[in-house]
Amino acid sequence: MKNPLCWVVLTGISIAFIQQGLPVRSQGESQSDNKQMDNITIRQGETLFLSCSQGDFVTHTAWLNRSSILYAGEDKWSVDPRVSLVTLNQDEFTIKIEDVDLTDEGQYICAVQTSRRPRTTSVHIIVQVPPKIVNLSKDLVVNEGSNVTLMCLANGKPEPAIVWRIISPSDDSLSSDNEVLEIPFISRYRAGVYECTAANDIAVDTQTVELTVNFPPSISDGRDVGVTLGQRGVLLCEADAVPEADFEWYRDDRRIFNGFDGIEIEDDGPLSKLTFFNVSEADYGNYSCVAINKLGSANTSIVLYEMTSSDLEHTAFENNDLLEGPGAVQDGSSGTSTVFTPTCLLLIVLLHLLLKF
């Protein structure tokens, strides 16, 4: 057959018959030789080389992808810039496809026309695609008691397996091997960072979602504080809340503001401090701390009472191994500690007794 174009067209028709399982006869009525190669598996983005042997007395050659002609001899028929000719001689006919994509998957056929009869070699290309998470729930802020649904969708080939788990704080009991993670009546203890993992035989893709749970303040019981006249005293109030609570201090029904009568109020995250720099008789009494956020409020009462010399002596005897100094006790917190030896302790007691006379 002299015309290469006619031969390529007839080759395509012959391959169509071969794919349908119908007998094909070339010149001289001899049946063509058909060879099926093992499947080739390749990852997306890699370079594919397709090669078939030529043999002696080859007159025409062609590589086809399904019904499309890629190369006919040295003539490139494909308009795809990724496809190129590598080798064409009496022994080998090889083409190259760069940056393989999922659309390149399918059957490829090398058709060879010899002086005797046509010969075809076919191979099926399988393209594997690493997983990619394409749809993930955004970071969420919900109120305690709400029903929460987290979604994670991924593409890939083979189809990736999806796993949900909470990673901060770590909790193995809260996980799912499904695209959807349902958390009914969520509590504050389920807040944290959730991780979605999509995995197949090729690779793993991981993304995270931060889940914030709002809840009203819960306040720790206040600790009463004893302070001697003229000393410094600190009342502490601590509240757990999301969002963080705002604090208010009250003496009876009267609200106390920062700087009021020499009193300082300092808020630091979940902790509020009410500081008296020079305690007077008028300062002793009952104080209330109120923690407030948009979901609710909580309160506690703290008594500032007078610490007498006898109270100091009693405390000293109970803590003769390690006694916190008056400033620490009066602050109602750990403060600065001072260690008294037994001799020093005895001198302090004698000095208080002499002062009474």
Side-chain angles (χ1 to χ4, degrees), residues 144 188 212-340 344-345 347-349 351-352 355-356:
E144 191 171 40
R188 66 193 69 182
T212 302
V213 179
N214 292 332
F215 57 90
S218 58
I219 199 165
S220 304
D221 290 338
R223 188 177 66 163
D224 297 341
V225 176
V227 183
T228 57
L229 284 172
Q231 297 299 310
R232 185 173 79 99
V234 177
L235 307 185
L236 299 178
C237 181
E238 187 172 6
D240 187 21
V242 175
E244 282 188 348
D246 295 320
F247 291 93
E248 295 178 358
W249 285 92
Y250 292 86
R251 171 72 185 273
D252 299 325
D253 293 331
R254 184 184 60 175
R255 183 175 176 181
I256 303 171
F257 293 94
N258 192 30
F260 178 80
D261 287 344
I263 297 174
E264 180 184 82
I265 299 175
E266 182 182 1
D267 295 340
D268 184 13
L271 184 66
S272 182
K273 294 193 298 183
L274 181 69
T275 302
F276 303 85
F277 293 99
N278 186 5
V279 174
S280 66
E281 286 282 358
D283 294 326
Y284 295 126
N286 185 59
Y287 292 82
S288 297
C289 171
V290 181
I292 306 168
N293 71 5
K294 63 181 181 180
L295 298 181
S297 64
N299 65 83
T300 187
S301 294
I302 304 173
V303 175
L304 179 67
Y305 63 90
E306 182 178 4
M307 178 78 77
T308 64
S309 57
S310 60
D311 293 329
L312 288 173
E313 293 169 11
H314 180 69
T315 303
F317 279 113
E318 286 184 344
N319 301 277
N320 58 1
D321 291 329
L322 179 62
L323 176 66
E324 293 186 352
V329 173
Q330 293 162 3
D331 284 353
S333 59
S334 57
T336 303
S337 299
T338 304
V339 177
F340 290 87
C344 182
L345 180 62
L347 290 174
I348 292 174
V349 175
L351 179 61
H352 280 290
L355 290 175
K356 290 182 177 181

List the atom of [X], the atom of [Y], and the distance in Å for their closest heavy-atom pair.
X    : Y    : result
F257 : I265 : C-CD1, 4.0 Å
A241 : P217 : CB-CA, 3.6 Å
S297 : V290 : CB-CG1, 4.5 Å
S301 : N286 : CB-OD1, 3.7 Å
E244 : N293 : O-CB, 4.2 Å
F276 : V279 : CB-CG2, 3.7 Å

Taking C-beta and beyond as the side chain, do [X] and [Y] meet within less than 4.5 Å on heavy atoms?
X    : Y    : result
C289 : L235 : no
K294 : N214 : yes
I263 : L274 : yes
N258 : W249 : no

Supply the atom-to-atom distance [X] [atom1] to [Y] [atom2], rounded to the nearest 0.5 angstrom.
X    : Y    : atom1 : atom2 : value
D267 : K273 : CG    : NZ    : 10.5 Å
E281 : E306 : CD    : CD    : 5.0 Å
F215 : D240 : CZ    : CG    : 4.0 Å
D224 : I302 : CG    : CD1   : 7.5 Å
F247 : D268 : CZ    : CG    : 10.0 Å
E248 : I256 : CD    : CD1   : 11.5 Å

| said: Just by distance, no angles: are the side chains of R251 and Y287 close enough, under 3.5 Å, to form a donor-acceptor pair? | reply: yes
| said: Between T300 and D221, is there a side-chain donor-acceptor contact under 3.5 Å, judged purely by atom types and distance? | reply: no
